[in-house]
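Report on the structure given below.
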Amino acid sequence: MSKESKTTLLYISIAFLFSFLVRFIWFFQFNGVEDLKFNDTLMLTTNDAYYWAEGARDFLNGFHQENDLSPIYHAPSIIIAIFAKILPISLEATFLFLPAFLSSLIVVPIILIAKNLKNLEMGFIAALLASIGVSYYNRTMLGYLDTDMLNILFPLLLLWSVIYAIRTNENRYLLILAIEIIAYRWWYPQSYSLEFSFFALIVFYTLVFDRKNIYNFKLLSIVLLAMMGAHEIVRVIIVSGLYYVFTKERYNRYIYKIFALSIVAFLVFGGLNPIIAQLKGYVFRDELLKSDEGMGLHFFSVMQTVKEAKQIPFDIFATRISGHPVTFSFAFLGYLYLLYRHRIMLFSLPIVGLGFLAYSGGLRFTMYAVPILAFGMAFLISEFSKLLPRLRVFALISLSALALYPNLEHIYNYRVPTVFNKNEVDILDKLKSIADREDYVIGWWDYGYPLRYYSDVKTLVDGGKHSGAVNYPVSYILTKPQELSAKMARLDVEQTERAFKLREEDDNITLFSNIEELTKEYGFSDTNDFLASLADIKLPQKTRDIYFYLPHRMLEIYPTVEKFSNIDLMSAEMSKPSLFYLAPSFKQLEDNTIELGHGVSFKNDTIDLQGKNYPLRRIVQVGYDKELKFLKHIDELDSTSSISIIYLSSYNSFLVLDESVYNSLYVKLLLLDEYDRDLFEEVISTPQAKVFKLCQKIE
Ligand code: MN
């Protein structure tokens, strides 16, 4: 092995270990917290992780339920399952640690790219910086089991092989690049735009600088065939065959014909479909809406509650990419200088461009810019240290440490807990032994993936399925009175399964939202008429059991949950939100007034809402004693009023609410224990959450 190869290997090993071990800072901060563990292992740190956990579990078991939305055959599930199989650790431990392992692999292409630029030191520094850059770390920390684990590795591998292909013209990079593209798309279907940008840059390079070189046409042909819309296996076979042809010089005279054929194949096999779909979305928007109109129901949009897709301040943008606005500025200058000195690095523009899109398009893209700006910073450091020949090593080390510092500081302070705690998960685990895999558990979408992972049941909504149309019935069920909720639950579950079946039987069937289909099914043309008749309608045949998961933590988002069904679907008019105020803290004054913050206070039987006094209908105290026995005390006051107060003694907090919230399924079943025994049966009850089952009687 050459000295250069040895150094390369050494740098890769050190950088990999660094990246891997830094991710254990979080582990040591939290490993003592039993509340965040399940089966003695720290739980996961992002909601979406439970989606892949479900897929991996099902893949390992070799089965899942029809229409349970498990991503059993998706690439991440399969890769995770393979690691779980070969690693001598538990499935849960694999989920926890795998992100640290896979995400640290980015140091390999980074150092190899630098090796090609004859600047291994720069590669080493860039690898350290990139692997722990703020936004990359945030999305690849322990327990962050998501596509992000490899979503930076793949673009860097593409960059590495494009650079090597163009600089060496060696045949093997043709095959390597093609396989990377196929693997990248398999892992992350949204990778198309980045692949296509690389292709466009190679076209540009070929036309402007290197038109006579037939290697470039080989490269373009194989990239096109790797990108076209056909099954992965088909594409692997095609590009392998083509690679074989390309290695035989006697076929060189056919290269332009092959190139032309590749373009045709690319077009015929839907290579441009993603672009056409995008364009349709923009250009023909009105038309699409019209043809899909149906009854034209208006649902509350999730975009109105998700804050991610907003412009972000420059400070946050810079910090997420390079740890600090100052380091970002140096890194950016260094990147420009790097582009000037090493033109080949212009091929990194698509990646950094995607990262900079974050500036207007949402935080999660910033991580794409992390490794490329890390190159910029590392190049600046290595060039600067050359100016100080005697202090070179000292300059390299101290400047690198300075650049690393804000990122490490962030990691040390980024103490995010796991998304669920032990008590909640114990409930879900218990539910697994009660509910059948074909049963539905109704809960807000935040609990969809974890419900499916821990309880292995079906859900109506989850982290990926939560449009206004699917949220509407779930919101309705949670926030309306029990009898209506029970009916809606049965209707929505049966209609959901029915819609799956109908779609299986007929690919081209047009099905609108469940609520619209139900409205028509029951012979109405106005959804409000259908809803008004809900109490009297005959329910469909029961095919499975239905459970309700009601966690205490949903109290904080109750007003958001309510919004989705607090809308007139026909006219798009939002009703006035219910009175719902969960006091963050309270203070008792000497005259017995209890102040609840935000201008809300009450004394005896009167409540003061921001300066206006109202009589109270009742004051309720609920809680659990030391044996976890439920206790309730109600003071009935003015029955003409609609405002009540509930004191939650176990949580030491006050809730101010009106009659519509008071009578909602969520409050009656979870907080007040006043449920209709003919409709619901309690199956799990803890202070953190309760689970109810829909009774047979109303079928
Ligand atoms: Mn399942």
Side-chain angles (χ1 to χ4, degrees), residues 38-39 41 43-44 46-85 90-92 94-96 98 143 145-147 419-420 424-467 470-471 473-474 477 489-490 492-504 514 542-551 683-684 689 691-694:
F38 181 68
N39 281 347
T41 312
M43 288 183 284
L44 303 179
T46 174
N47 205 312
D48 290 0
Y50 287 105
Y51 179 63
W52 303 117
E54 178 193 18
R57 177 204 60 200
D58 289 347
F59 188 81
L60 285 171
N61 289 342
F63 68 87
H64 76 125
Q65 294 68 49
E66 229 183 314
N67 303 320
D68 67 356
L69 308 179
S70 165
I72 176 167
Y73 300 119
H74 291 210
S77 307
I78 296 172
I79 300 287
I80 295 162
I82 291 171
F83 275 99
K85 194 95 198 168
S90 71
L91 187 60
E92 271 106 355
T94 308
F95 295 158
L96 179 69
L98 194 59
L145 191 76
D146 204 351
T147 47
V419 279
F420 294 96
E424 292 170 305
V425 169
D426 281 341
I427 294 162
L428 300 183
D429 190 47
K430 196 170 161 198
L431 180 56
K432 184 180 194 161
S433 60
I434 298 171
D436 187 87
R437 288 193 171 100
E438 282 289 347
D439 292 344
Y440 271 79
V441 177
I442 292 171
W444 196 236
W445 65 260
D446 313 31
Y447 318 113
Y449 293 150
L451 270 166
R452 296 217 302 269
Y453 174 65
Y454 288 115
S455 312
D456 199 359
V457 287
K458 290 183 168 185
T459 61
L460 293 169
V461 286
D462 60 39
K465 182 185 178 188
H466 54 252
S467 66
V470 289
N471 276 349
V474 179
I477 292 161
R490 175 59 65 201
D492 197 39
V493 165
E494 300 302 346
Q495 178 60 30
T496 300
E497 283 290 322
R498 216 176 123 231
F500 280 132
K501 299 252 156 59
L502 290 172
R503 287 205 173 92
E504 260 157 48
N514 284 354
K542 170 192 166 179
T543 61
R544 65 205 65 229
D545 279 321
I546 298 174
Y547 295 85
F548 301 82
Y549 175 64
L550 308 174
V683 291
I684 301 174
V691 180
F692 289 85
K693 184 180 173 184
L694 193 61

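All values below come from the heavy atoms of this structure, side chains included, with hydrogens, waters and symmetry mates left out. Atoms within each ligand, like the ligands themselves, are counted from 1 in listed order. Nothing fancy with the numbering, it's 1 onward along the sequence.
- Of all the N, O or S atoms in Asp68, the one closest to the Mn ion (ligand 1) is OD2.
- For residue Ser70, no N/O/S atom approaches the Mn ion (ligand 1) to within less than 2.8 Å.
- In summary, Glu494 and Lys542 do not engage in a salt bridge, as defined by a charged side-chain N under 4.0 Å from a carboxylate O.
- Considering Val474, Leu460, Leu550 in turn, Val474 is the only one that fulfils the side-chain contact (heavy atoms from CB on, under 4.5 Å) rule with Trp444.
- The stretch residues 49-60 participates, sequence neighbours left out, in these salt bridge (charged side-chain N to carboxylate O under 4.0 Å, His left out) pairs: Glu54-Arg452, Arg57-Asp456.
- Listed here is the closest heavy atom pair of Ala53 and Phe95: CB-CE1, 3.5 Å.
- For Asp456, the N, O or S atom with the smallest separation from the Mn ion (ligand 1) is OD1.
- Taking backbone and side chain together, Glu54 holds no N, O or S atom under 2.8 Å from the Mn ion (ligand 1).
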